[in-house]
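Input: one structure, supplied below.
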Amino acid sequence: MSEYMTYPADFDVIVVGGGHAGCEAAWAAAQSDFRVLLITLDIDRIAQMSCNPSIGGIAKGHLTKEIDALGGIMARVADAAAIQYRTLNASKGPAVRSSRVQCDTRLYRREMLRVLSSHPNIFLLQGRVEDVLLENGTAAGVIVDGGVLYKARCVILCTGTFLRGLCHIGEHHFEAGRSGDGVSVRLSHSLEVMGIGLKRLKTGTPPRISAHSLDFSQFEVQPGDDTITRLSFYGDAPLLEQVPCHIAYTTPQTHEIIRAARERSPLFNGTIHGIGPRYCPSIEDKVFRFADKDRHQIFIEPMGLQTDEIYPAGISSSLPFDVQMAFLHSIPGFEHAHVIRPAYAVEYDAIESGQMMHNMALRAIPSIFIAGQINCTSGYEEAAAQGLMAGINAACWLRGDEPFILRRDEAYIGVMIDDLVMRGADEPYRMFTSRAEFRLSLREDNADARLSEYGHRYGLLSDDDYRRYREKMAKIQELADKLVTLRAADIDRTRLENPDLMPTAGNLGQLIKMPEVTMDMLAAGNAEIASYSPDVRHCVEVRSKFDGYIQREAARIEAFVDMENRRIPKDFDYSTVHGLTTEVLTKLNKYRPASLGEAGRISGITPAAINAIWITMKK
């Protein structure tokens, strides 16, 4: 280490990367009273919304709410920058409803930088990390370009798409983790020298268009919600001006232009080797994969209140720029579209599956934690959730405490991390409600009830916010109890819009279970019920109407937890189990599951194998 200049101050944690994962990781570790150095290529692009200008969405809204309930910062920052709120799947059941906000991307960056900069335990550094140094198999610090050694006891890698990033616009290729930014090549080599396996993944982004060059009269208007529900349970950011989004459509001519340029697409001519996200394909991929469709939807989303730039979600591409211009001008309303930034695809390094543990640390080097796209995920929310858990667990590791691991029955965060650890990801992983087997219990509205106790226990949720949480839980129970004491006669039917829907007998605790009776109806007819906040009334209504289903799910959760509690000793010798195939033995030794439940979620591990392991353990 003598060949390097050693920075005169030591740190407890070094976070590499200032994206959504890195921001949450730095915040979580700093809230645990550890000195954190956050290193990023460009401080002015901390928390850059590199792709779409939104936070939340299907299942992603659940993750954002869970981050907030644990004391993370994504939801609070998003609320401070929100210019449109929408609830997706509003007409469906509460388990799959998800919040989504459009953000002013400049305000989002500015607010995140303000939050991080004001924390006394967070120190920012602009630089490129080129090497992670180990001493006796443990992280000792990092080398930054220019030959400066920064010492720390553990490192969290949140490198996004910057590890050997390679961008593609048709025949034009350039090294960058994001167009206009740098790239990290030597850090990839450093990880490989440590024995960490890497693979190539790919993602992409659409062109950015000047709003004043579009004809909005040809688009469908997509307004936000009339009643706004903030992303954060605890934030109090003032409400900004709210603006609409719009919807446009591609045409058969658009698809013909794209088909004719197939051989010029890096996606099809063999230039791109990385695997892209299945659920967010490029427009050329959609045109060939869904050849029967004569149009595809485009969501026209403003990038901010003080910018002309719009984001046309749904037409990410790696096609040459001339082809991009041609297909854009074939879209109604885009005839004179001016491209501010062309679309491009980016390939980057991510770690091979099977190398991470549930506490977000590498199996081979437990003092190195990973989060975000380096861990084979896509999406801001997935990255932020991992970063938060990596930061909390880095603090646990430094203190010598047991790791903080959320189970699949406790949070979408637990589902995601367990999927990544036990099942791996061959392509960029995206969270969906369908991945959560206990999704009726893992709703957005009860994320605080599920996780805020943890947030306070690990020092992320302040005493004031925790008090607000306890008061809300008390109000929920109070209202639930009150409904049982009130009767149909206590509702002023003259104040109801449809009084015939209101039964004339029974207590309100029974009546609210009926599909035709809503909490809004009860609040309209009873001032005492109306005095409770809308979120409290909503929680009681959902809990009441779905009580039977929730109870049945609770029985399945109990069986799940029983399998999770059947712990497998760390030194268990699977070769002593009679009847296991070579494939099963190889996978069990690779993943080293901590419980029978975890073992059962490894691809290829049969119920018979689980039973054989349990019999051997009991012997």
Heavy-atom distance under 4.5 Å between the side chains of Met49 and Tyr311, does that happen here? no
Is there a side-chain contact between Pro366 and Trp397 in this structure, where contact means two heavy atoms from C-beta onward sitting under 4.5 Å apart? yes
Determine, step by step, whether Ile368 and Leu191 satisfy the side chain to side chain contact (heavy atoms under 4.5 Å, CB included) criterion, reporting the C-alpha distance in whole Å, the side-chain angles of both residues, the deciding distance to 0.1 Å, and the verdict. CA-CA 11 Å; Ile368 296 180; Leu191 297 177; 5.6 Å; no
For Tyr150, run the side chain to side chain contact (heavy atoms under 4.5 Å, CB included) check against Val129, Leu37, Ile143 and tell me which one passes. Leu37
Nearest heavy atoms of Phe162 and Gly182, plus distance in Å: CD2-O, 3.4 Å
Derivation and outcome, side chain to side chain contact (heavy atoms under 4.5 Å, CB included), residues Leu187 and Val16: CA-CA 10 Å; Leu187 182 55; Val16 181; 4.3 Å; yes
For Asn269 and Thr271, which I'm curious about, is there any donor-acceptor pair between the side chains at under 3.5 Å? yes
Sidechain-backbone polar pair: Ser232 side chain, Ala75 backbone, donor-acceptor under 3.5 Å: no
Establish, yes or no, whether the cationic atom of Arg423 lies under 6.0 Å from the six-membered ring centre of Tyr429 and within 45° of the ring axis. no
Please check if the side chain of Tyr380 supplies one atom and the backbone of Ser54 the other of a donor-acceptor pair under 3.5 Å. no
Would Asp349 and Arg200 pass as an ion pair if we require N to O under 4.0 Å? yes
Is the closest side-chain heavy-atom distance between Asn375 and Met360 below 4.5 Å? yes
Would you say the side chain of Val415 lies within less than 4.5 Å of the side chain of Met431, judging by non-hydrogen atoms? yes
Among Lys202, His168, His273, find the one that has a side-chain hydrogen bond (donor to acceptor under 3.5 Å, both in side chains) with Glu347. His168
With a 4.5 Å heavy-atom cut-off, do Arg186 and Asp145 have their side chains touching? no
When you measure from the side chain of Glu24 to the backbone of Ile73, do you find a donor-acceptor pair of N or O atoms at a distance under 3.5 Å? yes
Among Glu381, Glu301, Glu444, which residue satisfies the salt bridge (charged side-chain N to carboxylate O under 4.0 Å, His left out) criterion with Arg100? Glu301
So, are Asp42 and Arg178 salt-bridged, with charged N and O less than 4.0 Å apart? no
Ile365 side chain near Val132 side chain, heavy-atom distance below 4.5 Å: no
Salt-bridge criterion met for Glu192 and Arg164 (N-O under 4.0 Å): yes
Contacts of type ring pair (Phe, Tyr, Trp, His ring centres under 6.0 Å), residue Phe290, not counting sequence neighbours: none
Exam field: side chain Asn359 to backbone Pro403, donor-acceptor pair closer than 3.5 Å: no
Quick one: ring-ring contact (aromatic ring centres under 6.0 Å, His included) pairs with a partner in residues 107-129, sequence neighbours left out? Phe11-Phe123, His20-Tyr108, Trp27-His119
Determine, for Glu111 against Arg76, whether the closest basic-nitrogen to carboxylate-oxygen distance falls under 4.0 angstrom. no
Just one of Glu382, Gln386, Arg430 clears the side-chain hydrogen bond (donor to acceptor under 3.5 Å, both in side chains) bar with Thr377, so which one? Gln386
Let me see the working for Tyr454 and Leu461 under side chain to side chain contact (heavy atoms under 4.5 Å, CB included), right down to the final yes or no. CA-CA 9 Å; Tyr454 286 131; Leu461 198 64; over 6 Å; no
Could you tabulate the donor-acceptor pairs under 3.5 Å formed by side-chain atoms of residues 152-161, not counting sequence neighbours?
{"from": "Arg153", "atom 1": "NH2", "to": "Asp12", "atom 2": "OD1", "distance (Å)": "3.0"}
{"from": "Thr161", "atom 1": "OG1", "to": "Gly177", "atom 2": "O", "distance (Å)": "2.5"}

Taking the side chain as every heavy atom from C-beta outward, state whether Ser99 and Thr64 have any pair of such atoms under 4.5 Å apart. no
Any salt bridge linking Glu284 with Arg262? Criterion: basic side-chain nitrogen under 4.0 Å from a carboxylate oxygen. no
Tell me, with the steps shown, if Phe299 and Asn52 meet side chain to side chain contact (heavy atoms under 4.5 Å, CB included). CA-CA 10 Å; Phe299 293 94; Asn52 65 79; over 6 Å; no
How many angstroms lie between atom CZ of Arg601 and atom CD of Glu437, to the nearest 0.5 angstrom? 7.5 Å
Of the non-hydrogen atoms in Leu70 and Leu460, which two are nearest, and what is the gap between them? O-CB, 3.2 Å
Any salt bridge between Arg408 and Asp419, counting N to O under 4.0 Å? yes
Heavy-atom distance under 4.5 Å between the side chains of Lys587 and Ser603, does that happen here? yes
Side chain of Arg128, backbone of Ser184: donor and acceptor closer than 3.5 Å? no
Shortest non-hydrogen contact between Ile209 and Pro312, atoms and distance: CG1-CG, 4.1 Å
